[in-house]
Amino acid sequence: MKGYKALAWNAILISLVLLVLPRGIPICTGLAGAGSPMRCHYAYQAEFLVTLLALILAVSLLVLRTTEAQALSGFVILLAGIIIIILPLPWVIGICTHGGACLKTAFFTTIGGSLLSLAGAAIIWLTRKNKEVKQTDEGKPNS
């Protein structure tokens, strides 16, 4: 169970870093035609919402007791990490094509999303493993 709590805290830490990442490595502040923000602005607004969801689910892992709820939260964290990775891609929302700050932020966001996905997958795996161990322990006769 200690590994499970460590994974939950890792997911919380990764989510917090992803939330403040655009503050540390800001995206560009350029404007597109007609004075509206560029695509990168909208991409990182979506990133913020998905990361906030991942943070809420990661915190909930500290209080969830059933293995089904823990596995489901791990699965949604895994999906949130994948969404964080693909949002800056041009076929989803995309970022500026002129390079610079947006590409740096996208690079670190991709790393954070990958780590969040790995944490979610590890939570699913560990929850399933603990469930199997629990089932085999319940099946053994008492000595």
Side-chain angles (χ1 to χ4, degrees), residues 1-140:
M1 207 55 161
K2 288 183 181 185
Y4 172 78
K5 293 284 185 183
L7 285 171
W9 280 107
N10 282 337
I12 291 170
L13 180 66
I14 294 166
S15 297
L16 285 172
V17 168
L18 284 170
L19 277 178
V20 298
L21 183 67
R23 299 283 183 216
I25 307 171
I27 58 173
C28 69
T29 56
L31 297 175
S36 63
M38 294 195 336
R39 296 169 64 177
C40 52
H41 170 76
Y42 298 111
Y44 288 106
Q45 292 298 316
E47 295 268 353
F48 180 82
L49 292 175
V50 173
T51 304
L52 190 60
L53 173 68
L55 177 64
I56 292 168
L57 287 167
V59 170
S60 76
L61 286 170
L62 298 175
V63 296
L64 292 174
R65 297 292 173 232
T66 63
T67 55
E68 292 83 11
Q70 293 169 346
L72 182 62
S73 292
F75 181 70
V76 176
I77 289 172
L78 169 70
L79 290 179
I82 293 170
I83 292 169
I84 289 169
I85 293 169
I86 65 170
L87 274 174
L89 297 176
W91 52 273
V92 183
I93 294 178
I95 59 171
C96 307
T97 56
H98 71 279
C102 294
L103 288 178
K104 284 184 206 172
T105 309
F107 173 75
F108 289 110
T109 301
T110 302
I111 291 173
S114 301
L115 292 174
L116 193 62
S117 294
L118 288 174
I123 289 167
I124 296 168
W125 177 78
L126 193 59
T127 302
R128 188 171 181 165
K129 181 180 169 189
N130 287 341
K131 184 177 181 180
E132 290 172 359
V133 168
K134 219 183 260 187
Q135 287 175 345
T136 57
D137 287 345
E138 289 174 358
K140 290 182 182 177

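For the single chain, residues carry numbers from 1 onward in sequence order. Only a predicted model underlies this, so the values are computations on that prediction, with no experimental measurement involved.
- Residues Leu116 and Ser15 share a closest heavy-atom pair of CD1-OG, 3.7 Å.
- Each of Leu7, Ile77, Thr127, Ile12 was scored for a side-chain contact (heavy atoms from CB on, under 4.5 Å) with Leu61, with one residue passing: Ile77.
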Step by step, work out the side chain to side chain contact (heavy atoms under 4.5 Å, CB included) result for Leu18 and Phe108. CA-CA 8 Å; Leu18 284 170; Phe108 289 110; over 6 Å; no
Given Ile123 and Ser73, is the side chain to side chain contact (heavy atoms under 4.5 Å, CB included) satisfied, shown in steps? CA-CA 9 Å; Ile123 289 167; Ser73 292; over 6 Å; no
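- For the atom pair CD1 of Ile111 and CG of Leu115, the computed distance is 7.5 Å after rounding to the nearest 0.5 Å.
- For the pairing with Phe48, the side-chain contact (heavy atoms from CB on, under 4.5 Å) check across Thr51, Val50, Leu52 returns one residue only, Leu52.
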For the pair Leu62 and Trp9, evaluate side chain to side chain contact (heavy atoms under 4.5 Å, CB included) and give the outcome as yes or no after the intermediate values. CA-CA 8 Å; Leu62 298 175; Trp9 280 107; 3.6 Å; yes
Show your reasoning for whether side chain to side chain contact (heavy atoms under 4.5 Å, CB included) applies to Thr67 and Asn130. CA-CA 8 Å; Thr67 55; Asn130 287 341; 5.6 Å; no
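- With rounding to the nearest 0.5 Å, the separation of CD in Glu47 from CD1 in Ile85 is 9.5 Å.
- Distance check, rounded to the nearest 0.5 Å: CD1 of Ile93 to NE2 of His41 gives 10.5 Å.
- Residue Thr109 holds its OG1 atom at 4.5 Å from CG of Leu21, rounded to the nearest 0.5 Å.
- Remark: Gln45 CD to Leu87 CG distance equals 11.5 Å, nearest 0.5 Å.
- Here the NZ atom belonging to Lys131 is positioned 9.5 Å from the OG1 atom belonging to Thr66, to the nearest 0.5 angstrom.
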